[in-house]
Participant: 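Below you'll find the structure I mean.
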Amino acid sequence: MTLADHLPILPVIIPALAAPVILLVIRRRPWLGVAAALVSCLGLLVCALALMARVSDGSILAYAVGEWPAPFGIVLVADRLAAMMLVLTACLGLIAWLHAVVTGADRKGWHFHALFQFQLMGLNGAFLTGDLFNLFVFFEVLLIASYGLMLHGQGPARLKAGVQYVVVNLVGSSLFLIALGMLYALTGTLNMADMGLRVAAIAPGDQGLLRIAALLLVSVFALKAAVAPLHLWLVRTYAVSAPAVAALFAIMTKVGVYSLIRVVPQVFGDSAGAAAWVPAPYLLPAAMVSAVIGFAGVFTARSLSEQAAYAVIGSTGTLLIAVAGWSADSLGAGLYYLAHSTFAAAALFLVADVVARRRGSFGDSASPGPDFAGRSGVALLFMAAAIAATGLPPLSGFIGKLLILKSVAALPDWGWAWGVILGTTFFGVVGFARVGSAVFWKSAGGGGGGGAPHAPVSRADLAAPIMALTLLAALSAGAGWASAYANAAAVQVLDPAQSARAVLTQGAR
Amino acid sequence: MIAYALAIGFGMLGLALVMNLWRLFKGPGVADRILALDTMVINAIGIIVLIGIAGGSGISFEAALLLAMVGFVGTVAYAKFCLRGDIIE
Amino acid sequence: MMNRIVPHPGLSLLLVLMWVVMVNDLTFGTLFLGIVFGLAVPIFTAPWWPERPAVRFAPALGYLAIVAWDIVIANFHVAAIILFKPNRNLRPAWLTIPLELTTPEAITVFAGTISLTPGTVSVDVSACGNYLLVHALHAPDPAAEVAKAKQRYEARLKEIFR
Amino acid sequence: MSYEFLLATAIGVLVAGGIFLALRARTFQVVLGLTLISYAVNLFLFASGRLVVGRPPIWDKSVSAYTDPLPQALVLTAIVITFGMTAFVVILSLRSFLETGSDHVDGDKVPCDAQDGLADRRADDHEDTRA
Amino acid sequence: MAIALTLLTLVALPFVAALATALLHQATRAVHSAIAAAASAGGLVLLASLAGPVIGGEIPFATWQWVPSLGLDLTLMIDPLGLMFAGLILGIGLLVVIFAHFYLDADEATGRFFASLMLFQGAMLGIVIAGNVLLLLVFWEMTSLASFLLIGFWQHRAEARQGARMALAVTGGGGLALIGGMVLLGLVAGSFDIATILARGDIVRASPLYPVLLGLILLGCFTKSAQFPFHFWLPHAMAAPTPVSAYLHSATMVKAGVFLLARLWPVLAGTELYTGIVTSVGLTTMIFGALVALFRHDLKSILAYSTISQLGMLVMLLGFSLETAALAAALHILNHAAFKAALFMSAGIVEHETGTRDIRRLGGLAKAMPMTALIATLAAASMAGLPPLGGFISKELMLYETPKLALLGLPWLLPALATLGATFSVGYSLRLAGHLFSGRPREAEPFARAHDPGFGMWAAPALLTVLAVLLGLIPMLLAGPLTGAVTAAITGAPAPAFDLALWHGLNLALILSLIAVAGGALLLWQHKRLLAAWERASLPDAKRMFEASFAFADKWVRKATVAVHTPSLQRMLLASFAVIVLLVIDGIQAGGSFTGTRSLLPASPLAFIAWALLIAATAAVVNDSHNRLRVLIYISVIGLVVSLTFVQFSAPDLALTQISVEVVTILLLLLALNLLPKSPPLLSSAPRKWRDGMLAVTGGVLVGGIAWAMLTRDPGPSIAAYHLANAKSGGGGTNVVNVILVDFRAFDTLGEIIVLGIAGLGIFALLDSTATGAAGARLRAWREDMPHSPERHPLMLVAASRIVLPLTLTVAIYLFLRGHNQPGGGFIAALVAAIAFLVQYLAAGFDWSDRRKRIGEHQLIAWGVLTAMATGLGAFLFGSSFLTSTFGYFSLPLIGKFELASAMLFDTGVFLTVFGAVMLALAQLSHIAARAARAHAAQHSEGGGA
Amino acid sequence: MTIGVPLAELLVSFLIVLGAGFALIGSWGLVRLPSLMERLHGPTKATTLGLGAMLVGSVAWFQLVRGEWTTHELLVSVFLFVTAPISANMIAKVHLHRERQGEPSAQPGPAGVPAPPPGGTDWATHSAPQLGSPGDFVGD
Ligand code: NA
Ligand code: NA
């Protein structure tokens, strides 16, 4: 095997090596730790892009860890969808990391860089694995790392929110295990592709159990994705996290969505009897409620970060409206929107931080504050981020929403879906306009009302949000390629037989 | 014959466990409860030993050994907590 | 030098023995590994046992035999008390044993022996370390109990820990 | 009465107790609830291999039947992970209490605070006494 | 290719200019306006190069793929309709730029202004030359955004911010409806290409979705074109600088709706539904706007309502679905653009020179500023529809069309109402011009300042007025070919024969026109009385209603959002548990059997006792959850029973793990408990307890039932058979569980130890900061809650711990080494080793014990992960995949045969990480308590000394 | 040494019943004895021999009945012998401490309250070990 053959596992290995190395060097030579983190982030990006290039022809790479044949060992599966998620993670990781370093957030507590690398490792592992229990393990890796990151820098708000975040996720993990136990008891396998084949043979007497297991598993993913009414944990958690961390967390809810997209067609597809397309009756209503709740939150939020947190819920809802169609078109639209909404949410959190850092005690609250240097520029960034988050042209959110609208038109409930998507966009427009005009316009000349003088802030912190927005612009300009890729990924995901062939033959090498 | 002995042994240990539980709930002092738990662990070790004999394998020996160690640590920790609050000073 | 390599010879011996017993077979390989760990582990843990109590092995073996015998006998004794003696006939008592032993290890072994043997439990040491508080389950004559403990165990321990 | 029945009911009772405690207002109770739930979950996962007596998955030439080893490996992993998570949540609760002066799950102040070992005294009070 | 490049350049120029002005925002006003003017002029030149062929019937067209899967292509095309609009956008845009250069102060943020203006121009241009529906939408929404920036340009003014937000809300919101309508249109027509769609009008109109898409599209058009009842944003958009108003409300923003109606005419028009809605909305708006304009006093407000009215007229004309009406509309678009832009600029001049826009304060300005008066009066006359101006011709055409449609079945109604609207128009136009320029000055101050501005400022409106005049004098020459071509483009059919002239003989239209003029004069004569009546009527204020409804929505949505999202863990968990329970109940309904067919194992009495122990202990935990020490003891009982369960059911490794994890957990909880408050718990209310209890019991019954169902079924074929068969031969170990952990599924284990390592690091990070801040203060104020024994290190415990450490470590080594073949392994060994050291900490204290260790826990974790990783990576060297294991049997003299497996190295990594993490967590936790105690002691002694 | 299987079984059976019997007696003592100090005697002693007998029974069973040479069970006893006195000591200390604090749940038993040691000092539980005394040997 050459190094290229190891490509599917490198996104896990690189951060898993970087983290302990950072741990060892960072006390003595902090710069070396930072350098190691940078090398890892860049390496991940290169690997992810290389992987994407490898799989963009439609091939599916199966990597049997330990050379144990599938389904007996653990197989990593790199297909278009996985590669896409890896690229997203790598880009987002680089941006969030850069912001943390530039703003000094990484020095507010212990082990930021190690936790960050472990977080990336968990994410990448979750996106790559073809094994359900291994997915659980990587969920836990990314969760525990996220606990650490979320609490990084601490303070009462984070600690309070942290307790809730951790406890809710512990309950989620318990559910995951119960579902796993049932699925193993019923199918005798843990490999997703294999399980997808075995569910077809489940006896009629076991159908109830199968459906329960499937529903439990799906609800775990829904909890991670913050789908209403399982979304209650998200707002406080994201709003209080360090902005760089919150930006990275933009991908965290997507892990839940990804798992749903990965597992449902593969395991609970047409042949799954009572568990066939198991989230079907619930996903669309829940997604619509999430979208409404999220953008209603955006509409009334009282601070930029709160707004960003609600936007995450809303965009996940929108995305799941597309996913709920389970057609190649709608899933493709959803995947494109997924990529978009990840960067859009990150951009919002980062811009909120840029604002907060300049307004002293006024923070990012939606109230008039002191004027600050470079306000127009920051306002422009905010506007761009808000445009992206609401889905207005010319940024990719608009294209994503058009794709979703077009694709869900085939659903029986398309009218509701359209109403929700367009209506929530309206909420978003109004909400962002109001907050933006309060923060950036009302302060102008109005003399912020006795805001404490604040030290000038280096403009270097604009880099990360600009990077995020640039990616959004690229996603818009390259929407043709991106949406074609997303569609191809969707087609591939919806063809579990192809994946099963690849995993169970190639992985069995 | 051993089967009968084992049945009697299991029965006695089971009864012992019930008595321990009674003391555990009854107290009255916290020392009584710690003592009851400590005794329960000892009886559990007995059960493991008998399971080993019954199953004809020494596979559960480590469990017994570990339980012996761990029961001690637990008892000491509980006691230290009652004495000092801070179990590691 | 020897102290550095074998900080606690008795401990090393115990560990070798323990290894062989634990691994449950007596081949040369086992013994070899046992000796390796019997030497290595005490070196590794030496910082946590800075004292170097000198122990004489020959008297120790005799002591172990006596204690083992006492434990067996006394267990029946205590069992009888638990089973047959009503609470009202029970004569529990506190014994204060003046200590001649001075090292903590020796005091501990003494107190441990008392706890392991029938009807007595070592409860506490005085703040200055020269008295041992013992509780006896049934001691109509406390002074006799004290004397018995001192001559049967403490005297021998003084020989062992010198 | 079968072992299966005993195990299933025990799991049910642990889950019920766990849910009830997890819904309480104080962090320690919630931690207890999670602990109960994780016992139940570990047993549940273990039960996915069904119950087998006296056939441990230690390979031997002379033995032909074993219990299913895979759930055991999964439970082992789950126990370890649960332990890490429990440790984290315990310390997080403690840390949150130390920071906010409240062990309410939402970090809200509770009136009984002052009676506790940790009095809710403000830092500047302390500075005064030292000066 | 040249055409494509031209089109692309045409649409790109304004955006480039916007970017340039934004980047050069620190340059001078002259630079900014020069860039903008150059872009507009350049665009005009390009457009002019295309004008001839377009009017001649060519349609320059270019397309690039953008998002093929969506059907969104970058298609640009210029037909006569687009040409006319593009000309207006660029031409009036150029004039507005020139005007703005003089209008704006040099110290204003002209960079931002022109950037926004150019952005707007580009978006507008995009709308009119887009050849793809979706592309049109992109530009459409961009105009809303750009106008938001323009209207809110004077950010410090509240009315500017409100006006901007309102415009965005209404036009942006309408735009969303339009998105829906247009996507639907594309889907129905089967293409998003405008040319294709236009050819498929029959299909669209026959579709059952036609009413829906029509409604949505009209919503978009009406909001953008300020049709009643969505008109209210427009007057408030007057908070913008006047050049912006001139631009937005003459030729661009509001005309976008009209443009789209015209653009989609062949597809949408002609049905009864269309005609009914569009005509009546247009008519209503026309009359309503004109009526309100009659009674406004603010110059720009009058113009705003007149715009509303004029747009109503255009919409009404398009609603007729008649080719001749389309012709009238096309001509009036030109006329309106000319006179309205001129009027806005004149208003700007008046405001600029007099400092006020209130016509009640102004009068007789003709003397002070004759040039402005001339320009404005002529433009107003055109607006009034007086001959010989352009407005007259288009109004005549409009009136001529009205009898062709019977409103409510009454053939006379439409002409009558249209005449009424025209009457009002005459009224407000005359009032505007007359009030401003004739008569006496009403107030001295504004008048005293007034004088004509420099040429630069009046040049633009003058040019427009000349245009308005010429459109009346030589309409056929100036606008004939264009209007004809535009009409053809609108209707998609050859234009009807027409003649544009002032005099068409005495016809109904002329009579109606005369009535309107006479009526207008009458209105003016009676204006005072009418105004009094109007003011008494106190019509509802749309803006206030809009704001009130927004405030209302905000208040309640906020309330609901806050109520739902109160950060309450109890609620989060309740929701989660409830959802799960409901889902499980759903799953149960899928059927199947409850109890399986597996033959069950009869339980021994001892098992029953253990079961009872567990249940009793669980009940005690729940019942006694406030008595923390007791609860831990009960938990220990549960752990004990669970361990015994594992022993009984052939899971020795699990038993070992459970036993050792249990004690470490208890130590951890005890450490934490010491610092947690021990006060009585908050008692839940009885209903709440019942609710939670019911949910808990339901959850318990369901999970227990599932467990039962699972346990009573026979397992099918499992992948574990492979593990059992290959553990020894392929993995080199006989403990199959361990081989699974370190070989078959080593990747899981790698993740698992990393979880533990991260937990350790996270805990360290959490606790490291406890000495400072609120936590530090609280710890410093810490006092014992119960009297403690003064003895810190009990003698016997310490002495025993010294021997327990080596003994236990040896056991750990043993468990580690045999793990591959017998119960044990790195994880269990690590826990045992950790317990060994924890006994030291327990007995001899943290400081004493910790001082003696030689390697930090952080390093242990790091080296552990690295060791495990290195084992996995080692396989790369042999060309194998990550974590591929190898093993071999070796023999040495004396020692005999032994096995070495790479999996054992991996297990070493497991050992190091787990040991490091456990020690890190516990040591760190004990440490803060020690610090707290020490701080407490220090404080105590100080207090005693004082 | 070869013993007939029935005799070996008899021995093993005896050891099992003896051990379990001692365990039961110890727990019975825990239930019936009047106060903690007396209860302490039951389990910590009876169970040591109880377990000892069962472990020896296990050794004997593997040795005599199955012919397998095992010793490792004895280690359990070694651990118990080292740790049981410490456990008892610590529990007794808890009782002593609570009793001194006047805790209602820790009443003095029939033997009353222990007298302080001669020499005007107190037991270590009530009074920290003096510097330089054996009780102070930990070092910090
Ligand atoms: Na401590
Ligand atoms: Na400590």
Side-chain angles (χ1 to χ4, degrees), chain C residues 7-8 10-12 14-25 27-53 55 99 101 103-115 121-129 132, chain E residues 789-819 821-824 829 832-833 836-855 889-899 915:
Chain C
H8 296 284
L11 177 63
S12 292
L14 179 66
L15 291 182
V16 176
L17 205 69
M18 176 175 148
W19 183 264
V20 173
V21 168
M22 191 158 57
V23 174
N24 220 3
D25 85 325
T27 60
F28 187 81
T30 306
L31 195 63
F32 177 78
L33 266 190
I35 291 169
V36 167
F37 293 129
L39 290 173
V41 169
I43 292 173
F44 179 72
T45 61
W48 287 277
W49 194 353
E51 299 83 11
R52 300 278 183 273
V55 179
L99 289 172
L101 298 165
T103 64
E105 286 86 352
I107 294 174
T108 304
V109 174
F110 181 46
T113 310
I114 288 174
S115 288
V121 171
S122 301
V123 173
D124 213 347
V125 180
S126 71
C128 36
L132 186 66
Chain E
S789 158
E791 187 191 29
R792 289 152 61 86
H793 310 299
L795 178 142
M796 284 179 69
L797 175 59
V798 176
S801 72
R802 302 208 159 155
I803 191 156
V804 165
L805 177 67
L807 287 185
T808 315
L809 280 184
T810 311
V811 173
I813 293 171
Y814 165 76
L815 287 171
F816 176 81
L817 287 181
R818 73 200 291 271
N821 292 312
Q822 294 290 314
V832 171
F837 277 97
L838 287 171
V839 171
Q840 290 302 304
Y841 283 69
L842 271 173
F846 176 83
D847 291 332
W848 190 89
S849 312
D850 203 56
R851 220 181 297 134
R852 284 161 168 75
K853 68 169 201 243
R854 274 161 257 179
I855 181 167
Y889 296 93
F890 304 89
S891 78
L892 279 180
L894 295 179
I895 291 162
K897 192 176 152 194
F898 62 96
E899 180 193 359
F915 180 74

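A, B, ... follow the sequence lines: proteins, then strands. Residue 1 opens every chain.
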Participant: Please look at I43(C) and chain E and tell me whether the side chain, the backbone, both or neither of the residue comes under 4.5 angstrom of a heavy atom of that chain.
Facilitator: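 When you check distances to chain E, only backbone atoms of I43(C) fall under 4.5 Å.
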Participant: Identify which part of M18(C) has an atom lying under 4.5 Å from any heavy atom of chain E, answering side chain, backbone, both or neither.
Facilitator: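 For M18(C), side-chain heavy atoms alone lie under 4.5 Å from chain E.
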Participant: To the nearest 0.5 Å, what is the distance between CG (L15(C)) and CG (L39(C))?
Facilitator: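 Going from CG on L15(C) over to CG on L39(C), the span is 9.5 Å.
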Participant: Tell me the closest heavy-atom pair linking S849(E) and W48(C), and the distance in Å.
Facilitator: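 Answer, listing the atom of S849(E) first, then W48(C): O-NE1, 3.1 Å.
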Participant: Which atoms of V798(E) are under 4.5 Å from chain C, going by heavy atoms: the side chain, the backbone, both sets, or neither?
Facilitator: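 Contact with chain C involves no heavy atom of V798(E) at all.
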Participant: List the atom of P42(C), the atom of S12(C), and the distance in Å for their closest heavy-atom pair.
Facilitator: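 Of all heavy-atom pairs spanning P42(C) and S12(C), the closest is CG-OG, 3.5 Å.
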Participant: If you measure only the distance, is there a donor-acceptor pair under 3.5 Å linking the side chains of W49(C) and Q840(E)?
Facilitator: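 Not at all, the side chains of W49(C) and Q840(E) share no donor-acceptor pair under 3.5 Å.
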Participant: Identify which part of F37(C) has an atom lying under 4.5 Å from any heavy atom of chain E, answering side chain, backbone, both or neither.
Facilitator: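 Contact with chain E: side chain only.
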Participant: Flag the one option from L809(E), L807(E), L805(E) with the top tally of heavy-atom pairs under 4.5 Å to chain C.
Facilitator: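 Maximum pair count with chain C is reached by L807(E).
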Participant: Below 4.5 Å from any heavy atom of chain C, which atoms of R854(E) appear? Answer side chain, backbone, both or neither.
Facilitator: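 Answer is side chain: those atoms of R854(E) sit under 4.5 Å from chain C.
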Participant: Given a strict heavy-atom distance threshold of 4.5 Å, which part of W19(C) is in contact with chain E: side chain, backbone, both, or neither?
Facilitator: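 For W19(C), the contact with chain E is made by the side chain alone.
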Participant: Is it the backbone or the side chain of L14(C) that comes under 4.5 Å from a heavy atom of chain E, or both, or neither?
Facilitator: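 Contact with chain E involves the side chain of L14(C) alone.
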Participant: Check each atom of V109(C) against the heavy atoms of chain E and say whether the ones under 4.5 Å are side chain, backbone, both or neither.
Facilitator: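 For V109(C), there is no contact with chain E at all, as no heavy atom is under 4.5 Å.
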Participant: What distance do N821(E) atom CG and E899(E) atom CD have between them, rounded to the nearest 0.5 Å?
Facilitator: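 Taking CG in N821(E) and CD in E899(E), the distance rounds to 5.5 Å.
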Participant: Just how far is it from atom CG of L132(C) to atom OG of S122(C), taken to the nearest 0.5 Å?
Facilitator: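 L132(C) CG to S122(C) OG: 4.5 Å, rounded to 0.5 Å.
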Participant: What's the separation between atom OH in Y814(E) and atom CG in L33(C), rounded to the nearest 0.5 Å?
Facilitator: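 These two atoms lie 12.5 Å from each other.
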Participant: Where does L817(E) contact chain C at under 4.5 Å (heavy atoms): side chain, backbone, both or neither?
Facilitator: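 For L817(E), the contact with chain C is made by the side chain alone.
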